[in-house]
Number of protein chains: 2
Amino acid sequence: MDNSKEKLKFETYLTDKNLKHTEQRVHIMDIFSSAGKHLTAEEIYLAVRKKHPGIGYATVYRTLKLLCEAGICRELTCEDGIKRYEYQSQDEHHDHLICTKCGVFVEVVDPEIEKLQERLFKLNGFYPERHRMELYGICKKCSK
Amino acid sequence: MDNSKEKLKFETYLTDKNLKHTEQRVHIMDIFSSAGKHLTAEEIYLAVRKKHPGIGYATVYRTLKLLCEAGICRELTCEDGIKRYEYQSQDEHHDHLICTKCGVFVEVVDPEIEKLQERLFKLNGFYPERHRMELYGICKKCSK
DNA sequence: CTTGATATTGAGAATCATATTCAAATAAAG
DNA sequence: CTTTATTTGAATATGATTCTCAATATCAAG
């Protein structure tokens, strides 16, 4: 996966905020392009550790926070109470279908649902900010 | 709020499972009818404490788990990572509109959205189990 | 290439919500 | 009223995440 665009975005963010461009931060960014999405901090920590054995949890958490602020990552608070981080190449919103057996995350968007959600906000006198929708079920593979 | 129906449900549950009908358990049940819904364990603990000063956190958590098992409560994993418990008089499902300023929870259901969610499951080859949808925005009161 | 100012790191300790342990207390069946 | 199994509360443990702080690394300016 080519993540040069996101790398540039991160670099720009760091420069703008007068933050430093460190080896650790780059390693953590790279995990997302190689190891996939929807990773827990622990998964990221273990993955980075393979390339950079000395890294600590604190750095992982700090960098994830930075990546979220930079709009490169999104933090998901899952039902098991553990946060997962998803790499967000674009700014587009999406929701998730999650398999309760294997835990796979599938990203989905349904424009009709989005429209109805807007209606729900309006009907209840709310000014809409964002939403989150998770559909739990059993994926095709697991139901065989 | 009349919670005699739920009380009966809980009593039946306890009897069926050979569990005991204790003062503490009744107090915790009662909180929901007096103090409202979508409470954190801490809020429940503090509320029960007013009537029953000796109660411990352990009992609160244990009882909340029981109430969930009995189908009287539902546990919500919120974005702040803190679980909230909602009293569920009926078995009917609903979603939430949440104000990001005052934190109020409004329960909503949209049959059309529900239908489209089923379609999303099907389209992606998932066997549906449940879902969760949270709409975050600013309520009428707070946007004045 | 040095220097100096500032940001960052990693180890470990702290925190916060929640769960567990265990001896003492209590409910409920006989 | 006794017996037996369950429940309780206090304290301790846990697991995820955050903070502290001294040592280290980055980077701009000389």
Side-chain angles (χ1 to χ4, degrees), chain A residues 7 10-29 31 38-70 73-85 103, chain B residues 7 10-31 38-70 73-86 103:
Chain A
K7 273 189 153 161
F10 193 33
E11 275 165 38
T12 307
Y13 181 83
L14 293 176
T15 306
D16 286 359
K17 298 262 173 180
N18 262 10
L19 302 173
K20 287 169 184 173
H21 188 265
T22 69
E23 215 187 320
Q24 288 92 330
R25 288 178 175 165
V26 176
H27 278 313
I28 291 169
M29 257 230 72
I31 289 308
H38 309 110
L39 302 170
T40 62
E42 191 192 5
E43 286 166 344
I44 293 162
Y45 169 76
L46 292 173
V48 185
R49 224 141 214 283
K50 286 184 188 159
K51 294 270 176 169
H52 192 108
I55 207 162
Y57 263 110
T59 304
V60 171
Y61 279 106
R62 283 185 291 231
T63 305
L64 287 171
K65 190 173 275 183
L66 274 184
L67 287 168
C68 287
E69 286 163 14
C73 251
R74 195 151 68 105
E75 189 185 85
L76 304 173
T77 305
C78 298
E79 284 200 333
D80 58 10
I82 300 171
K83 288 174 184 157
R84 263 152 250 263
Y85 296 86
Chain B
K7 273 188 152 160
F10 193 31
E11 276 166 38
T12 308
Y13 180 82
L14 294 176
T15 306
D16 286 359
K17 297 263 173 178
N18 262 9
L19 302 173
K20 288 173 184 171
H21 187 263
T22 70
E23 217 185 318
Q24 289 91 331
R25 287 177 176 165
V26 176
H27 280 313
I28 292 170
M29 257 231 73
D30 284 342
I31 289 308
H38 311 110
L39 303 168
T40 62
E42 191 192 6
E43 286 166 344
I44 293 162
Y45 169 76
L46 292 173
V48 186
R49 223 140 214 284
K50 287 185 188 158
K51 294 268 175 173
H52 191 110
I55 207 164
Y57 262 112
T59 303
V60 171
Y61 278 107
R62 283 185 290 230
T63 305
L64 287 171
K65 191 174 275 182
L66 274 183
L67 286 167
C68 288
E69 285 163 14
C73 252
R74 194 152 69 104
E75 189 184 85
L76 304 173
T77 306
C78 299
E79 283 200 333
D80 57 10
I82 299 172
K83 288 173 185 160
R84 266 152 247 263
Y85 295 86
E86 91 180 342

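Throughout, protein chains are lettered first and strands after them, A, B, ... in sequence-line order, and every chain is numbered starting at 1.
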Asker: Does B:Thr22 place a side-chain N or O at less than 4.0 Å from the phosphate oxygens OP1/OP2 of D:dT6?
Answerer: no

Asker: Closer to the 5' end of DNA chain C via nearest nucleotide, is it B:Ala58 or B:Leu19?
Answerer: B:Ala58

Asker: Specify the closest pair of heavy atoms between A:Ile31 and A:Ala47, including all atoms of both residues, with the distance to one decimal.
Answerer: CD1-CB, 3.7 Å

Asker: What I'd like to find out is whether the side chain of B:Thr22 reaches to under 4.5 Å of the side chain of B:Val26, using heavy atoms alone.
Answerer: no

Asker: Could you tell me whether the phosphate oxygens of C:dG10, OP1 or OP2, come under 4.0 Å of any side-chain nitrogen or oxygen in A:Gln24?
Answerer: yes

Asker: Can you check the A:Arg62 CZ to C:dG10 P distance for me, whole Å?
Answerer: 8 Å

Asker: Between CG of A:Leu14 and NZ of A:Lys20, what distance do you get to the nearest 0.5 Å?
Answerer: 12.0 Å

Asker: NZ of A:Lys83 versus P of D:dA16: gap in Å, rounded?
Answerer: 12 Å

Asker: Rounding to an integer number of Å, can you tell me how far B:Glu11 CD sits from C:dA27 C1'?
Answerer: 14 Å

Asker: Write down the distance between CD1 (B:Ile55) and C1' (D:dT8), rounded to a whole number of angstrom.
Answerer: 9 Å

Asker: How many angstroms lie between CZ in B:Arg25 and NZ in B:Lys7, if you round to the nearest 0.5 Å?
Answerer: 15.0 Å

Asker: Report which part of the nucleic acid B:Gly54 touches: base, sugar-phosphate, or nothing (heavy-atom distance under 4.0 Å, all strands).
Answerer: sugar-phosphate

Asker: Report yes if some heavy atom in the side chain of A:Arg84 is under 4.5 Å from a heavy atom in the side chain of A:Ile82; otherwise report no.
Answerer: yes

Asker: I need the CZ-P distance between A:Arg84 and D:dT17, as an integer number of Å.
Answerer: 9 Å

Asker: With a 4.0 Å cutoff (strictly under), does any side-chain N or O of B:Arg25 reach OP1 or OP2 of D:dT8?
Answerer: yes

Asker: So does A:Tyr61 get a side-chain nitrogen or oxygen closer than 4.0 Å to the phosphate oxygens (OP1/OP2) of D:dT18?
Answerer: no

Asker: Measure CG/A:Asp16 against P/C:dA7 and give the value in whole Å, please.
Answerer: 15 Å

Asker: Rounded to the nearest Å, what distance is computed from the NZ atom of residue B:Lys20 to the C1' atom of nucleotide C:dA24?
Answerer: 14 Å

Asker: Measuring to OP1 and OP2 of D:dT7, would you say a side-chain N or O of B:His21 lies under 4.0 angstrom away?
Answerer: no

Asker: Taking for each residue the nucleotide of DNA chain C with the nearest heavy atom, is it B:Ile82 or A:Val60 whose nucleotide lies nearer the 5' end?
Answerer: A:Val60

Asker: Could you state the atom-to-atom distance from CG of B:Asp80 to P of D:dT18 in whole Å?
Answerer: 13 Å

